[in-house]
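The next block holds one structure in the form of C-alpha cells; read it before the comments.
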Amino acid sequence: MLDTLLNDLNPEQLSAVTATEGYIRVVAGAGTGKTKTLSRRFGYLVEGLGISPAAIACMTFTNHAAAEMKTRIRSLLPGQDLGYICTFHSFCVALLREDCHVISYPETFTVLDNTDREDILKQIFADMGITSRQLTVQDEMDFIAVWKGTHDYVATFTDPDLSRLRKLEGEAKDLKHKVLWRFAYETRKAFGLDFDDLILFSLYILRTDEVTREKWQNRLEYIMVDEYQDIDGDEYALSELLAGKHHNLFVVGDPDQTIYTFRGADVRHILDFGERHPEGETIILTRNYRTLPPILSAANHLIAHNTNRLPKELNALREGGEKPLYYHAPGPQAEAGWIVEKIRERLEAGDRPGSIALLYRANHMSRSLEEALIGAKIPYTLYNGVEFYHRKEIKDVLCYLRMISAGDDLSFLRTVNEPRRSMGRKRIAFLREQAVSTDSTLYETLKQHLDAPLFRNTGARNYVLLIEALRREQDGLTLTDLLARLLHESGYEEYLRLCGAQERLNNLSELKQSILEYEMQAGEDFSLAEYLRMAALFTDLDRQETGTVKLMTVHGAKGLEFPTVFLSSLSEGSFPSRKVLTKEALEEERRLCYVAYTRAKDRLYLSDSAGVEGGGSVRLPSRFLFDSGTDNLDFVVELDPALMLPDVFSEEKAPPAMTFQPGDRVRHPILGEGVVETVDLARQSYGIRFDLLKTCRSISAGMKMEKL
C-alpha cells in the first residue's frame with residue numbers, strides 16, 4: 001500500500017506527503033497535483049503512520065472539491081470511515097450537531113441559504129412597511145454580514161429569552177438596526193443559522209467552552225486545509241484553534257490564485273504563514289501536469305507582473321501545443337460570432353461540448369455569447385443563472401421537507417398555500433399576530449386554531465394532517481419514498497402537471513435523483529435533517545453536466561479545468577474592471593486573469609472587441625493581454641500600434657497612481673478648488689467639479705493636485 005501511495009510522486013510532492021508533523025505550507029501552483037498530494041498525504045497518515053481517519057480533518061471550500069477528495073481517498077483506503085473530508089461549512093454543521101446544546105440550540109437547527117435570508121428580510125420589510133427608497137434587501141444583507149463580523153453577537157442572538165430581541169428592536173435608533181434585531185428574532189425562533197453563523201457559532205463555542213474545545217482538539221490530531229489562499233479571518237482562526245493542541249496544520253494553496261477578497265479572503269494568511277510559524281516548513285510545487293507549454297508561458301509572464309506574491313514559475317511537463325490565439329474583433333457581435341466559429345471547429349474535430357468553457361469577468365457579459373450560441377444551435381449551460389437548489393419548485397419541495405423536519409416559519413409561508421389552500425393575507429396576518437404574542441411558530445399557531453371559523457373552508461386542516469402524518473412515518477421511510485409521498489399527497493406534482501410545467505417537473509426528477517444518490521452514499525447514516533443541511537450548502541457548480549458548452553464567470557471556474565477555454569471581453573474597464581482603483585485591486589484582477597488562463601489544458605482563445613463604452617470612451621484591449629507578452633500570443637488580426645502603446649501598458653511606464661477617491665476635495669494649480677465626482681481607471685482621469693466652473697472637467701491622473 002505504501003508503494004502505491006508514494007511511487008508515482010515527484011520529489012516535491014513526496015516531501016509534502018511524508019512531512020507529517022508540525023506546521024507545513026505547500027505552495028501548489030495551478031495544475032501541479034494539489035488534490036493528489038492532499039489525498040496521498042491522508043492515505044500516508046493512515047497507512048504509513050497508522051493514524052485513525054477519524055483523527056484527521058481535511059477541509060476545503062466547495063462540495064465539488066470535497067467530493068473529488070473523498071473519491072480519491074476512498075480508492076486509496078477502500079472500506080474505511082473517512083472522517084472529516086468536507087467543506088468548512090460542512091465541518092461546522094457536524095460540530096454544531098454534536099455541540100450546539102452549549103448555546104441552547106437543538107440538533108435539528110436549520111441551515112439558511114441566501115434565498116432563505118432574502119425571503120425573511122422581504123417579509124420583515126413587508127411587515128414594517130419599508131420601501132426600497134428607505135432601504136433595500138441587499139443593503140440590509142450586507143449590513144448584517146458586516147455587523148456580525150465586527151460584533152461578538154452570538155451570545156445575544158442565542159438568548160433563550162426571545163423578548164430580549166424584540167426589546168432590542170424597539171430600542172434601535174435607526175432602521176438598519178431595527179431590521180437587524182427583527183431578523184435575529186425570526187431566525188432565532190426558527191433555530192436558523194446562515195453560512196456566516198455556521199462558522200461564527202462554532203468559533204464561539206470553541207472559544208468559550210473549554211470542555212468542547214479540548215474534545216475537538218484531542219479528537220483531531222491532524223488538520224489539513226485546501227485552497228488556503230481563500231480563507232478569511234474566521235476560517236483562519238478556526239483552523240489554528242483546532243490545531244492548538246497537536247500543532248499539526250498542513251495548508252495547501254497558491255497566492256497567485258487569491259481571487260475572493262470581496263468575500264473576506266486575505267492573501268496575507270498564506271503569504272505570512274512562515275512568519276507566524278517560523279518553526280514550520282514550506283514546500284513549493286511547480287511541475288504543471290495540466291497545461292501545454294505555450295499557454296503556461298503566457299500565464300507565467302502575466303502573473304510575474306504582480307509584486308505581492310511568492311516568486312515561482314510553473315514548468316510544463318506536457319509537450320507541444322499552440323500559443324493562445326487572440327482576436328480583436330470590430331464589435332461585440334463579431335467577437336461572439338468568432339467564438340462560435342471556433343467552437344464549431346472544435347466540435348467538428350470530435351471534441352465533446354462539455355470539454356469547452358466560455359469564461360468572462362462578469363455575468364452580464366454572457367448575453368451576446370448566448371445569442372450567438374442559440375443562433376448556431378449549440379447547446380450550452382449557463383452557470384450564472386438561478387442555482388438549481390434555489391429554483392422555485394426545488395425550494396418549494398425542500399421547504400415541504402423542512403416542515404417535516406423543523407417546521408420553521410419560512411418553510412411554512414412557502415408551502416402552506418402552494419398549491420393554493422385559501423390561506424391568504426388575512427389568515428396569515430392573524431397567525432402572525434397570535435404567534436408573536438406567544439413566541440410560537442406559525443405552524444404551531446395554526447394547529448392550535450384549526451377549529452377557528454377563520455380557517456373553515458380552507459385547506460389548512462389537510463395541510464396539517466399531511467405534515468403530521470409524514471412526521472410520524474418518516475423514520476420508517478427512505479427519503480426517496482418520503483419525497484414521493486410528499487409530492488403526491490400534497491398535490492404539488494399534480495399541480496405542476498396541470499400547469500404544463502414540464503421543465504419544472506424535469507427539475508423535480510433531478511431532485512429525486514440527488515436524494516437517491518445521497519441515500520446510496522450515506523448508507524445507514526442518512527437522515528432527512530442531514531440531507532437538508534447538505535442541500536443548503538450546495539451551489540450551482542456542484543452540478544456536473546457533460547453534454548453542453550459551459551458558460552461561467554472566471555470566479556465560477558475556479559478549481560475546474562477544460563481542454564478548451566475561451567476568455568472573452570478582455571477590454572480595459574471590463575477586465576480589469578473599471579472599479580479597480582488601487583494597486584492591490586489591480587493585482588487581484590491580474591490573479592483572476594491568471595486563473596482563467598490556467599483553466600485551459602490544450603487550447604486558449606482570447607478576445608475583445610473595438611467600439612465605444614457607454615460613457616463615450618474608446619474601448620481598448622486589456623493591459624493583461626500585453627502583460628502576457630505579445631511573443632506568447634498569436635494574433636488573428638494585426639493590432640493598430642496605437643492600441644498597444646508602451647507608455648500605456650508597460651510595467652516600467654505604468655500609469656499614474658489613482659490617488660483620489662470620489663468625494664475628495666482637491667486644489668488644481670490653475671482651476672482652483674473642487675470635488676472629485678468620478679474616477680475613470682480606463683482613461684486614467686478624474687471627473688472634478690470645480691467651484692469656479694459650472695460644469696465638471698476631466699482631469700488627467702498625472703496632473704499634480706493637492707488633496708485638501
Side-chain angles (χ1 to χ4, degrees), residues 142 146 150 233 255-256 258-269 271-272 302-309 311 361-362 570-594 612-628 642-708:
D142 293 341
V146 171
T150 55
D256 290 337
T258 303
I259 60 173
Y260 291 114
T261 58
F262 65 93
R263 293 183 187 171
D266 187 346
V267 70
R268 301 310 314 178
H269 290 313
L271 290 179
D272 295 346
L302 168 71
I303 200 62
H305 286 75
N306 275 9
T307 57
N308 195 25
R309 63 190 295 259
R361 173 65 180 83
L570 268 170
S571 302
E572 282 291 302
S574 295
F575 201 179
S577 166
R578 63 174 51 86
K579 297 178 181 178
V580 170
L581 302 176
T582 65
K583 175 180 178 293
E584 291 75 16
L586 180 60
E587 291 208 350
E588 175 150 358
E589 289 284 292
R590 190 177 284 113
R591 292 195 294 264
L592 187 61
C593 190
Y594 173 78
V612 178
E613 297 285 359
S617 59
V618 175
R619 192 182 295 123
L620 298 173
S622 170
R623 71 190 69 192
F624 296 155
L625 290 162
F626 304 95
D627 286 348
S628 305
L643 298 177
M644 46 190 300
L645 291 174
D647 62 332
V648 175
F649 295 106
S650 72
E651 197 70 16
E652 291 76 18
K653 297 182 179 180
M658 305 297 283
T659 55
F660 303 127
Q661 305 289 335
D664 286 351
R665 190 162 183 81
V666 297
R667 179 184 290 119
H668 187 283
I670 296 175
L671 299 176
E673 295 182 10
V675 176
V676 177
E677 291 192 345
T678 61
V679 178
D680 191 330
L681 180 67
R683 300 177 67 177
Q684 292 292 299
S685 65
Y686 301 104
I688 302 177
R689 184 171 294 279
F690 290 99
D691 298 347
L692 300 178
L693 301 177
K694 294 183 179 180
T695 58
C696 192
R697 294 291 188 269
S698 180
I699 305 297
S700 169
M703 184 69 197
K704 292 185 178 180
M705 293 183 290
E706 177 186 359
K707 182 177 179 181
L708 301 178

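Position 1 is the first residue of the sequence, and the numbers go up from there.
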State which residues pass side-chain hydrogen bond (donor to acceptor under 3.5 Å, both in side chains) with S628; sequence neighbours excluded, sorted by chain then number.
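By the side-chain hydrogen bond (donor to acceptor under 3.5 Å, both in side chains) rule, S628 matches Y597.
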
Rounded to the nearest 0.5 Å, how far apart are [atom1] of [X] and [atom2] of [Y]?
X    : Y    : atom1 : atom2 : answer
M705 : D664 : CE    : CG    : 10.0 Å
L692 : I670 : CG    : CD1   : 13.0 Å
T258 : N308 : OG1   : CG    : 9.0 Å
R667 : E673 : CZ    : CD    : 4.5 Å

Inset, instruction - Determine yes or no for a side-chain-to-main-chain donor-acceptor pair under 3.5 angstrom, with S622 supplying the side chain and F575 the backbone. - result: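 Present.
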
Backbone N or O of E587 within a donor-acceptor pair of the N306 side chain at under 3.5 Å?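 A pair under 3.5 Å: yes.
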
Less than 4.5 Å apart, side chain to side chain, heavy atoms only: is that true for [X] and [Y]?
X    : Y    : answer
F690 : I699 : yes
T307 : K583 : yes
P576 : R623 : yes
V267 : E584 : no
M703 : Y686 : no

query = What residues, two or more places apart in sequence or in another chain, satisfy salt bridge (Lys or Arg N to Asp or Glu O under 4.0 Å) together with E677?
reply =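 Salt bridge (Lys or Arg N to Asp or Glu O under 4.0 Å) list for E677, sorted by chain: R689.
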
If we ignore angles and hydrogens, is there a donor and acceptor under 3.5 Å between the side chains of T695 and R697?
->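 Yes, R697 and T695 have a side-chain donor paired with an acceptor closer than 3.5 Å.
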
With a 3.5 Å cut-off and no angle check, do the side chains of K707 and T659 form a donor-acceptor pair?
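There is no such pair (donor and acceptor under 3.5 Å, judged by atom type) between the side chains of K707 and T659.
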
Practice prompt. Specify the closest pair of heavy atoms between R619 and S571, including all atoms of both residues, with the distance to one decimal.
Written response: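 Here R619 and S571 meet closest at CD-OG, 3.4 Å.
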
Checklist entry - What closest approach, in Å, do F660 and V679 show between heavy atoms, and which atom pair accounts for it? => result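 Shortest heavy-atom contact: O-CG2, 3.7 Å.
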
Kindly determine whether R665 and D691 satisfy side chain to side chain contact (heavy atoms under 4.5 Å, CB included), including the steps that lead there.
-> CA-CA 10 Å; R665 190 162 183 81; D691 298 347; 2.2 Å; yes

Ring pair (Phe, Tyr, Trp, His ring centres under 6.0 Å) partners of Y594, counting only residues at least two apart: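 Checked Y594 against ring pair (Phe, Tyr, Trp, His ring centres under 6.0 Å); zero matches.
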
L625, L302, D627 screened by side chain to side chain contact (heavy atoms under 4.5 Å, CB included) with C593, the one that passes
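Among L625, L302, D627, the one that satisfies the side chain to side chain contact (heavy atoms under 4.5 Å, CB included) with C593 is L302.
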
TODO: Step by step, work out the side chain to side chain contact (heavy atoms under 4.5 Å, CB included) result for I303 and R309.
DONE: CA-CA 9 Å; I303 200 62; R309 63 190 295 259; 3.6 Å; yes

